[in-house]
4 protein chains.
Amino acid sequence: MPGLHQATPSQQPADVAGITGAHLLQYIERIERLEEEKTELGEHVKEVFQEAKSGGFDPKIIRIVLRERKRTPEELDEEEMMVHLYKQALGMTPAAS
Amino acid sequence: MPGLHQATPSQQPADVAGITGAHLLQYIERIERLEEEKTELGEHVKEVFQEAKSGGFDPKIIRIVLRERKRTPEELDEEEMMVHLYKQALGMTPAAS
Amino acid sequence: MPGLHQATPSQQPADVAGITGAHLLQYIERIERLEEEKTELGEHVKEVFQEAKSGGFDPKIIRIVLRERKRTPEELDEEEMMVHLYKQALGMTPAAS
Amino acid sequence: MPGLHQATPSQQPADVAGITGAHLLQYIERIERLEEEKTELGEHVKEVFQEAKSGGFDPKIIRIVLRERKRTPEELDEEEMMVHLYKQALGMTPAAS
DNA sequence: ATCGAACCCCCTTTTC
DNA sequence: GAAAAGGGGGTTCGAT
């Protein structure tokens with residue numbers, strides 16, 4: 001392997017005896033594999049949404065439900081209460097408050 | 001399937017004999033499971049980046065390389081050429097072009 | 001605009017007599033100016049949030065209120081109702097429903 | 001104005017003498033106004049892109065050029081060099097390097 | 001602990 | 001109507 005001797009100014013990886021390049025490749029291929037799997041899972045998710053939609057469910061509402069399921073009821077209630085409070089202060093109370 | 005006919009105006013889910021609620025739950029749980037797995041994979045990705053960083057590689061550059069590897073050389077070259085062309089038209093040619 | 005036929009393989013800009021480059025530059029500078037202004041406005045928004053926070057308001061709640069103010073009460077009610085419905089079907093009814 | 005005693009547990013805004021609600025409203029309306037202006041600017045940007053497209057320019061390439069113009073040539077060169085280096089280490093050198 | 005930046009996700013719009 | 005791209009918002013992480 002000719003050349004490449006000096007001239008690796010400072011903080012580059014600097015392929016030494018093919019080691020570094022191989023390492024880099026390892027990292028990259030591992031990430032690519034993982035990303036592939038993520039993509040597949042994402043496609044499955046999409047399919048399930050599609051099925052649900054075909055079954056008469058609204059994906060948008062499902063997303064909201066999923067989001068809320070990730071939070072504790074306490075959080076949810078707390079937030080809801082605060083929102084309500086702010087709305088009251090703004091005179092946005094929908095009907096009866 | 002007895003009763004429950006009135007009061008389900010149109011396209012709501014309307015739990016009929018426990019069927020719909022169960023279906024909805026199926027969808028939701030499948031999605032939640034898939035999302036969990038996606039999250040795990042995402043964490044693995046993060047770990048690999050961390051390793052690479054510890055190994056002296058710049059994650060930012062790695063991301064760029066990953067992005068470019070997802071595209072065909074033709075696309076890349078085409079785009080690069082066009083960018084260069086536009087830059088020339090703008091007088092942005094960095095040095096020698 | 002006559003001419004231009006030869007040697008512009010397909011849809012490249014191709015600076016002819018300095019015209020195209022100037023045009024491109026116009027577009028680019030107009031966009032850059034507009035983006036600058038957008039950025040400034042964004043900073044002002046940030047400042048207002050900061051003030052509100054100093055005044056004891058929770059930015060997170062404010063964001064929710066802002067979001068809801070952009071929608072009609074009908075939309076909101078409709079959505080809320082659907083979410084409630086789905087939750088019921090899932091047995092997620094928080095307390096009294 | 002006394003009253004309002006019960007039921008304002010702790011850290012809510014608590015409209016006292018109409019002051020807080022008014023304050024909140026000020027914040028909210030200021031933000032809404034700023035956001036409106038941002039939206040308008042965004043529409044202008046869109047229009048310019050449309051014009052440029054009609055003029056034969058590729059919006060995608062324009063975006064890339066805009067992005068690069070926001071960075072200093074030093075940054076760009078530095079990054080480009082590193083990407084090139086990594087690609088070499090990976091044996092991704094397209095043709096001549 | 002606050003600030004800023006990077007990343008990820010959702011949504012809207014546009015294209016095919 | 002579906003798929004893709006771009007823009008915006010939210011969140012999390014790292015840095016100070």
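Proteins come first, then strands; the chains are lettered A, B, ... in the order of their sequence lines, and each starts at number 1. Model, not experiment: these values are computed from the prediction.
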Evaluate the salt bridge (Lys or Arg N to Asp or Glu O under 4.0 Å) criterion for residues A:Lys70 and B:Glu32: first the C-alpha distance (whole Å), next the side-chain angles of each, then the deciding distance (0.1 Å), finally the verdict. CA-CA 9 Å; A:Lys70 288 169 82 169; B:Glu32 283 176 339; over 6 Å; no
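- B:Glu79 and B:Arg71 are joined by a salt bridge, as a carboxylate oxygen and a charged side-chain nitrogen come within less than 4.0 angstrom of each other.
- A salt bridge is defined here as a Lys NZ or Arg NE, NH1 or NH2 lying under 4.0 Å from an Asp or Glu carboxylate O, and C:Arg30 with D:Glu51 meets this definition.
- For the pair C:Glu68 CD and F:dG9 P, the interatomic distance rounds to 16 Å; values are reported in whole Å.
- A salt bridge links C:Glu37 with C:Arg33: at least one charged nitrogen is closer than 4.0 Å to a carboxylate oxygen.
- Relative to the ring axis of C:Phe49, C:Arg63 places its NZ or CZ within 45° and under 6.0 Å from the centre.
- Partners of A:Ser54 under the side chain to side chain donor-acceptor pair (under 3.5 Å) rule, at least two apart in sequence or in another chain, do not exist in this structure.
- Of the residues in residues 45-53 of chain D, those with a non-hydrogen atom less than 4.0 angstrom from any atom of DNA chain E are D:Lys46, D:Lys53.
- Here the C1' atom of nucleotide E:dC8 and the NE2 atom of B:His44 are 18 Å apart, to the nearest Å.
- With A:Glu78 as the fixed residue, the side chain to side chain contact (heavy atoms under 4.5 Å, CB included) test singles out one of A:Glu80, A:Met82, A:Glu75, A:Glu74: A:Met82.
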Polar atom pairs between nucleotides 9-11 of chain E and protein, under 3.5 Å, N or O only, would you list them?
none

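- Of the inter-residue distances, the one linking D:Glu29 atom CD with C:Leu66 atom CG reads 10.5 Å to the nearest 0.5 angstrom.
- The NZ atom of A:Lys70 sits 16 Å away from the P atom of F:dG10 (whole-angstrom rounding).
- When rounded to the nearest whole Å, the span between CG of D:Asp58 and C1' of F:dA5 equals 12 Å.
- One can place CD1 of D:Ile31 at 17 Å from P of F:dG8, the figure rounded to the nearest angstrom.
- In this entry the distance linking CG of B:Leu66 with P of E:dC8 reads 11 Å, nearest Å.
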